[in-house]
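Only one structure is covered here, and it is reproduced in the block below.
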Protein chains: 2
Amino acid sequence: MTTLRDVARHAGVSIGSVSTVLNNTAPVSPALKAKVLKAVEELGYVPDAVARSLKTGRSRTIGLIVPDITNPHFSAVASAIEIACDASGYALLLCNTTDSPAKELRDLHLMRRQRVDGVILVPSGSGEAYVAELKRAATMPVVLIDRTLEGFDADAVVLDNRAASYGIVDYLVRAGHRRIGIVAGPTSMSIAEERLAGYRQALEEHAIDYIEDLVARGAYQPEPDYRATASLLARRPRPTAIVSTSNHTMIGVMKALADQGFRCPEDMSVASIDDVVWATAFSPKMTVMAQPIVEMTELAASRLFGRLAGTMTGPGTVLVAQPALKVRDSTRPLTG
Amino acid sequence: MTTLRDVARHAGVSIGSVSTVLNNTAPVSPALKAKVLKAVEELGYVPDAVARSLKTGRSRTIGLIVPDITNPHFSAVASAIEIACDASGYALLLCNTTDSPAKELRDLHLMRRQRVDGVILVPSGSGEAYVAELKRAATMPVVLIDRTLEGFDADAVVLDNRAASYGIVDYLVRAGHRRIGIVAGPTSMSIAEERLAGYRQALEEHAIDYIEDLVARGAYQPEPDYRATASLLARRPRPTAIVSTSNHTMIGVMKALADQGFRCPEDMSVASIDDVVWATAFSPKMTVMAQPIVEMTELAASRLFGRLAGTMTGPGTVLVAQPALKVRDSTRPLTG
DNA sequence: AGACATCACTGAAACGTTTCGGAAGGGCTC
DNA sequence: GAGCCCTTCCGAAACGTTTCAGTGATGTCT
């Protein structure tokens, strides 16, 4: 590995001079610059970011912690973050928590050891103890995506979850549906509760009874949500529409429908939160409430970079993004 | 930030002793150990991986460079790599090339600057100049996934691409199909050519003419592959089956079919390389040739870690994984 | 009891940068 | 031509670790 010292020697100048021309941190004579650049070229010198980080105290690296990179929602986040990092000259450290708060804490410690300048976090835990631990571990600037955390002061970019499910239910009711089931997320997740609240609110505003029986609890994962859907299909009278509250849920719902011989939308209307590429590839094309996930992520990234640059200070603020309904073929009007 | 020095002072021992305790790199008295651990606990000390890396010359970080993290195939790779890293105490640096060889080279330089110990690479370029540049940039151990590179000596884990498409075509022919179209990848990609070769070989072995007209070129992306499919559907006589050569292609194919009013499998049989969660969620459930992507990735990771540990030496070897056919509902026998 | 290993720990050098006080030299003012 | 200010470059300290030669103290063997 060739170092600054090698370059300096080869160019016949001091180490400090090489550093200043490489970072152009001070005016230098054209002659010096030429000599140094030539030496760099000839030796194929590549700066050592590790040494640089040690000296400067900043690593020009940020961390991204997501629950499941395999979920298209989060891989979209990762993609957008990577683009932002590339544009700002940052490197990106990725961690996948598999929805485990314990792993998330471990990851946060890893980030801390690695001296990342900041992290983008999609938290997967909840509760006071968890937040307390998070606070201890997160010594660097953090911006949250998707979920906020009670008692944790940080910037956050979230969806208007209530509006998302509200919008779906409102649409379904206007289309004539009265018995509307929902496959909700676990009670431990704030977004699941918000989405359920939106469902409930829409029913109320349309003067439709909220029926406990029509709420099935899933886990935002295909298998559990498949089972949740099955239980929903067993209700009598059967719902005429089902709202799915995530893209993974959508998979479980559609599988359950198909396996039990229900046609969509003829026998059952389905609408889901989350839009994905494959939502329009198959039959039926899914009616969805799309999250502006890329925009949300870009916002989060610029937020974080603002913090790092010091142009953004003060307590964390939360940005709420609005979802957009895309009516396609998986829902149909109910007549009579 | 509390340092080793702080801990040493607080415990009343030398810096070196703290280091040896923390890394237990030499036997120490229980008393010393206790004192140090206590001080660490009280100060909430977290080791600085940056300084450690500088001193040791290894960063305990590996890089992952993929063409598109948004593609479920690559997000599965990322997930598996992350698990392997976690298990081995490595951090993971992620880069997304968006299929651009230029970006890939930039990423490789980033990795080099960051002093990653090794990288897992899914190369997106081809050609002599590209390989030459790659060689200059890749000074650390590299293991390739999905694609090998002519003239680039590295470990690699690849699919038996020929067998994948061969298997699909063979199955279709045995089911009675004779006019089988294919949406292939770009000619610049070796895997695309291999998959096409498997298609061709299967036809030959069944004594079916290879017809240029039935080969449409896509780009392993939904939009271009949608158009490629459309062109295929315009052929006369029309093919009775289409083989899709990637999961993104599958999306394009199914969209095109739906948009033009073709039912699958009644009007057209479709089978694709790549299995994905949503392949069984909708109608029809897709017949696919599944890649053992997680196993392949695990193999690649252990390969890399073996190189890093020095337990694996010598020239690179390439492992070839076998795909598995999963017959589902998107293909049907052709009678008469 | 003296010589000598063994053991536990200390102290300082080194990793490759950045940064800053300071030296050398040139040009300007008076 | 003396003094001064810029401009340009040099040299060394420092960042937080690891590592290793070295120092005492303790135990062992003859």
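FYI, side chains are in, hydrogens and waters are out, and symmetry mates aren't considered; it's all heavy atoms of this structure. Letters go in sequence order (proteins before strands), and every chain restarts at 1. If you're wondering where the values come from, they're calculated on a predicted model, not measured in any experiment.
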(request) Measure from the side chain of A:S29, starting at C-beta and using heavy atoms only, and say which of D:dT8, C:dG16, D:dG11 lies closest. (result) D:dT8
(message) Measure CE/A:M1 against C1'/C:dA14 and give the value in whole Å, please.
(response) 18 Å
(request) Strictly below 4.0 Å, heavy-atom distances to any atom of DNA chain D: list the hits from residues 32-49 of chain A, or just say none. (result) A:L32
(request) Quick one: closest heavy-atom pair of A:S19 and A:L4, and the distance? (result) CB-CD2, 4.2 Å
(message) So that I can tick it off, tell me whether A:D48 and B:R113 are bridged by a salt bridge, with the cut-off set at under 4.0 angstrom between side-chain N and carboxylate O.
(response) no
(request) Using a strict 4.0 Å threshold on nitrogen-to-oxygen distance, state whether B:R106 and A:D86 make a salt bridge. (result) yes
(request) Would you indicate whether the side-chain heavy atoms of B:V158 and B:I145 approach each other to under 4.5 Å? (result) no
(request) Tell me what B:V13 touches on the nucleic acid: a base, only sugar-phosphate, or nothing, going by heavy atoms under 4.0 Å. (result) sugar-phosphate
(message) Does C:dG16 have OP1 or OP2 under 4.0 Å away from a side-chain N or O of A:T3?
(response) no
(request) Name the closest nucleotide to the A:K55 side chain, picking from C:dT17, D:dC9, C:dA13. (result) C:dT17
(message) Please give me every residue in residues 15-27 of chain B whose heavy atoms get under 4.0 Å of an atom in DNA chain D, ordered by residue number.
(response) B:I15, B:G16, B:S19, B:N23
(message) So, does B:R52 get its side chain near the phosphate of D:dT18, meaning an N or O under 4.0 Å from OP1 or OP2?
(response) yes
(request) Could you pull out the closest heavy-atom pair between B:F74 and B:V66, with the gap in Å? (result) CB-CB, 4.2 Å
(message) So, using salt bridge (Lys or Arg N to Asp or Glu O under 4.0 Å) as the criterion, who are the partners of A:E82 when residues are at least two apart?
(response) B:K103
(message) I'd like to check the side-chain hydrogen bond (donor to acceptor under 3.5 Å, both in side chains) partners of A:S17; sequence neighbours left out, ordered by chain and number.
(response) A:S14
(message) Rounding to an integer number of Å, can you tell me how far A:L4 CG sits from D:dC10 P?
(response) 12 Å
(request) In whole angstrom, give the distance that lies between atom CZ of A:R115 and atom P of D:dT17. (result) 7 Å
(request) To the nearest Å, give me how far apart CZ (A:R58) and C1' (C:dT17) are. (result) 14 Å
(message) Strictly by side chain to side chain donor-acceptor pair (under 3.5 Å), give each pair with a member in residues 56-72 of chain B just once, sequence neighbours left out.
(response) B:S59-B:D117, B:N71-B:N247
(message) Reading DNA chain D from 5' onward, which residue's closest nucleotide shows up sooner: A:P30 or B:L54?
(response) A:P30
(message) The criterion is side-chain hydrogen bond (donor to acceptor under 3.5 Å, both in side chains); which residues satisfy it with B:K38, sequence neighbours excluded?
(response) B:E42
